[in-house]
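Quick note: numbers below take in every heavy atom, side chains included, and nothing from hydrogens, waters or symmetry partners. Quantities reported herein were computed from a predicted structural model and do not represent experimental measurements. Start at 1 with the first residue, then count along the sequence.
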Amino acid sequence: MSKISSKQLATAFVASRLTTEMIMIPGELIRYGSDRFIAILIAKLMVLLLYLPLLLLTRKYKGDNFVSAAIRRNRIYGIILSIIFGVVLTSVTVNSVLNLQLYITDTLLGELLLISGVALITGASVYGAVKGVSAVTRTAVFGTSIFGFLIILIIITMSDKMDFSYLYPATIEDGNYFFRAFVSEVSCNSEILIFAVLCKNIESKPNKTVYYSLAVIFVLLELVNLIYNLILGPYLNELEYPLYVISSLSDIVIFQRLDGIDAIVWLLCGIIKIALLFTSMKEIYTTASKKPKAIWFLIIYALLVTFICMITGSDRRYYDLLQTVLHTAVPLVIAGTVIPLLVLFTGKKKPQKEENYEKD
């Protein structure tokens with residue numbers, strides 16, 4: 001797999017996390033008030049702590065991810081950890097596909113068969129995974145740039161509708177909501193799973209990916225949350241896709257048609273995120289099996305994801321259960337922190353000759 005820079009992957013993480021913000025967070029966890037500003041801040045500090053085992057792993061096992069370092073110690077041990085990690089990664093992928101499919105149905109295409117939406121998303125994501133992480137991250141640069149431009153355009157065109165009286169100092173009165181919002185913010189950082197696998201494909205200083213992406217995402221999330229509060233105020237509690245609604249409220253005629261354009265851009269960024277998840281699963285397979293070609297594996301895996309999506313998406317109870325489990329952040333912590341922590345102390349470095357060979 002081709003090498004990428006830390007800035008490229010950080011940009012892809014920004015696109016991924018912003019997509020989650022726009023289309024995948026349950027409406028009840030985007031509430032008007034000061035609570036979420038604080039929840040975002042504390043959540044980002046917590047996520048930085050969760051990344052710590054991975055950051056240490058990339059320093060100790062340079063050029064490796066958790067899979068290769070574990071398999072080098074013991075093949076069966078590495079495969080077992082990869083399977084556990086893969087289950088979590090697959091659940092996040094299924095959830096992302098279903099949420100994106102629901103978003104398409106609600107904003108772009110109206111009535112859309114579940115199988116059609118899922119097939120469209122998985123097909124595009126598999127294509128991205130086949131092209132490789134370099135191609136996906138290059139596309140992410142384009143998508144993130146347009147995303148940022150749309151946010152700036154929203155601020156400019158909606159400035160006359162911002163009501164600063166909506167902002168006022170307030171204590172956290174609903175501790176239950178604050179805790180759920182904090183945990184949800186942590187659980188939405190599925191980029192930690194991608195970094196755990198793709199860190200070996202970063203040319204140098206992979207740790208910078210984490211520092212860059214977390215800092216930029218923190219600023220952008222707080223900015224977007226500020227826009228929500230200034231424009232929508234208490235009405236924010238009633239909306240499922242706040243920024244989509246805001247983009248359709250502008251008095252500028254040409255901008256009223258951009259509510260469809262921004263939805264398409266967010267769809268692109270959503271596919272970028274899912275393509276990174278597929279790419280990560282492909283990397284796990286190629287590392288564990290030592291087979292460089294993985295097209296057939298990706299096709300079979302895409303069919304599996306589609307099958308699970310059809311089962312989960314066809315019954316609201318299964319979908320809600322998946323959402324509930326993932327929003328506890330427990331699967332994310334197990335795969336993104338506990339497994340790398342185990343490998344940090346039990347993995348094995350590359351032989352010196354192998355390292356020198358790769359440098360040459």
Going by atom type alone, with no hydrogens or angles, which donor-acceptor pairs under 3.5 Å involve a side-chain atom of residues 135-144 and a protein atom two or more places apart or on another chain?
| from | atom 1 | to | atom 2 | distance (Å) |
| --- | --- | --- | --- | --- |
| Thr137 | OG1 | Val133 | O | 2.9 |
| Thr137 | OG1 | Ser134 | O | 2.9 |
| Arg138 | NH1 | Ser134 | OG | 2.8 |
| Thr139 | OG1 | Ala135 | O | 3.0 |
| Thr144 | OG1 | Thr11 | O | 3.3 |
| Thr144 | OG1 | Ala140 | O | 2.7 |

About how many Å separate [atom2] of [Y] and [atom1] of [X], when rounded to the nearest 0.5 Å?
{"X": "Thr286", "Y": "Met281", "atom1": "OG1", "atom2": "CE", "value": "11.5 Å"}
{"X": "Leu267", "Y": "Ile121", "atom1": "CG", "atom2": "CD1", "value": "7.0 Å"}
{"X": "Leu198", "Y": "Gln8", "atom1": "CG", "atom2": "CD", "value": "12.0 Å"}
{"X": "Leu18", "Y": "Leu221", "atom1": "CG", "atom2": "CG", "value": "6.5 Å"}
{"X": "Leu230", "Y": "Ser159", "atom1": "CG", "atom2": "OG", "value": "11.0 Å"}
{"X": "Leu344", "Y": "Ile339", "atom1": "CG", "atom2": "CD1", "value": "13.5 Å"}

Determine yes or no for a side-chain-to-main-chain donor-acceptor pair under 3.5 angstrom, with [X] supplying the side chain and [Y] the backbone.
{"X": "Lys208", "Y": "Lys7", "answer": "no"}
{"X": "Arg59", "Y": "Lys205", "answer": "no"}
{"X": "Asp315", "Y": "Ile311", "answer": "no"}
{"X": "Asn99", "Y": "Asn95", "answer": "yes"}
{"X": "Thr209", "Y": "Ser6", "answer": "yes"}
{"X": "Arg73", "Y": "Lys348", "answer": "no"}

Answer whether the closest heavy-atom distance between the side chains of [X] and [Y] falls below 4.5 Å.
{"X": "Glu222", "Y": "Arg36", "result": "no"}
{"X": "Val94", "Y": "Tyr319", "result": "no"}
{"X": "Ile151", "Y": "Ile227", "result": "yes"}
{"X": "Val67", "Y": "Leu81", "result": "no"}
{"X": "Glu283", "Y": "Asn201", "result": "yes"}
{"X": "Leu332", "Y": "Val88", "result": "no"}
{"X": "Ile155", "Y": "Leu223", "result": "yes"}
{"X": "Leu89", "Y": "Ile284", "result": "yes"}

Quick check: closest heavy atoms across [X] and [Y], and the distance to 0.1 Å?
{"X": "Ala10", "Y": "Ser213", "result": "O-CB, 3.9 Å"}
{"X": "Val197", "Y": "Lys200", "result": "O-CG, 3.7 Å"}
{"X": "Ala69", "Y": "Val343", "result": "CB-CG1, 3.7 Å"}
{"X": "His327", "Y": "Cys188", "result": "CE1-SG, 4.3 Å"}
{"X": "Pro206", "Y": "Cys199", "result": "CB-O, 4.1 Å"}

Aromatic plane relationship, Phe85 with Phe66 - under 30° parallel, 30 to 60° tilted, over 60° perpendicular: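 Judged by the thresholds at 30° and 60°, the geometry between Phe66 and Phe85 is tilted.
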Is the Phe182 ring parallel, tilted or perpendicular to the Phe178 ring (thresholds 30°, 60°)?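 Plane angle under 30°, so parallel.
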Please evaluate residues Tyr61 and Arg72 with respect to the criterion side-chain contact (heavy atoms from CB on, under 4.5 Å), reporting the C-alpha separation (whole Å), side-chain torsions for both, the decisive distance (0.1 Å), and the verdict. CA-CA 11 Å; Tyr61 304 101; Arg72 192 173 289 114; 5.7 Å; no
Shared ILVMFWY cluster between Val305 and Trp296, side chains joined below 4.5 angstrom?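 No; tracing contacts between hydrophobic side chains, which count when under 4.5 Å, never links both residues.
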Joint hydrophobic cluster, Val92 plus Met310, side-chain heavy atoms closer than 4.5 Å: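 Yes: a chain of side-chain contacts under 4.5 Å links Val92 to Met310.
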Listed by chain and number, what are the ring pair (Phe, Tyr, Trp, His ring centres under 6.0 Å) partners of Phe13, not counting sequence neighbours?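 Testing Phe13 for ring pair (Phe, Tyr, Trp, His ring centres under 6.0 Å), a comparison that skips the adjacent residues, returns none.
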List in chain and number order the residues that pass ring pair (Phe, Tyr, Trp, His ring centres under 6.0 Å) with Phe218, two or more places apart in sequence or in another chain; answer none if no residue qualifies.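 Phe218 satisfies ring pair (Phe, Tyr, Trp, His ring centres under 6.0 Å) with no residue once adjacent residues are dropped.
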Run through the side-chain heavy atoms of Ile, Leu, Val, Met, Phe, Trp and Tyr, join any pair under 4.5 Å, and report what else lands in Ile156's cluster.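 Listed partners: Ile152.
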Connected-component partners of Val325 among ILVMFWY, side-chain separation under 4.5 Å: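 For the cluster that includes Val325, the remaining residues are Leu321.
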For a side-chain contact (heavy atoms from CB on, under 4.5 Å) check, start with the C-alpha distance between Tyr285 and Lys291, then their side-chain angles and the critical distance, and finish with the verdict. CA-CA 8 Å; Tyr285 169 77; Lys291 296 179 180 178; 3.7 Å; yes
Is there a side-chain contact (heavy atoms from CB on, under 4.5 Å) between Leu98 and Leu102 once you walk through the steps? CA-CA 6 Å; Leu98 287 175; Leu102 183 62; over 6 Å; no
Between [X] and [Y], do the side chains contain an N or O donor and an N or O acceptor separated by less than 3.5 Å?
{"X": "Lys273", "Y": "Thr20", "value": "yes"}
{"X": "Asn207", "Y": "Tyr212", "value": "no"}
{"X": "Thr346", "Y": "Tyr77", "value": "yes"}
{"X": "Tyr301", "Y": "Thr90", "value": "yes"}
{"X": "Ser16", "Y": "Glu191", "value": "yes"}

Exactly one of Ser187, Ser190, Pro331, Ser96 should register a side-chain contact (heavy atoms from CB on, under 4.5 Å) with Leu326. Which one does?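 Testing Leu326 for a side-chain contact (heavy atoms from CB on, under 4.5 Å) against Ser187, Ser190, Pro331, Ser96 leaves exactly one candidate, Pro331.
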Please walk me through it: do Ser280 and Leu193 pass side-chain contact (heavy atoms from CB on, under 4.5 Å)? CA-CA 8 Å; Ser280 299; Leu193 304 178; over 6 Å; no
Does the pair Lys349/Asp64 count as a salt bridge with the N-to-O cut at 4.0 Å?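 Asp64 and Lys349: not salt-bridged.
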Ion pair check, Glu185 and Arg17, cut-off under 4.0 Å: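 Here Glu185 pairs with Arg17 in a salt bridge, since their nearest N and O are under 4.0 Å apart.
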What side-chain donor-acceptor pairs closer than 3.5 Å can you find for residues 37-56, not counting sequence neighbours?
| from | atom 1 | to | atom 2 | distance (Å) |
| --- | --- | --- | --- | --- |
| Lys44 | NZ | Asn189 | OD1 | 3.3 |
| Tyr51 | OH | Ile192 | N | 3.3 |

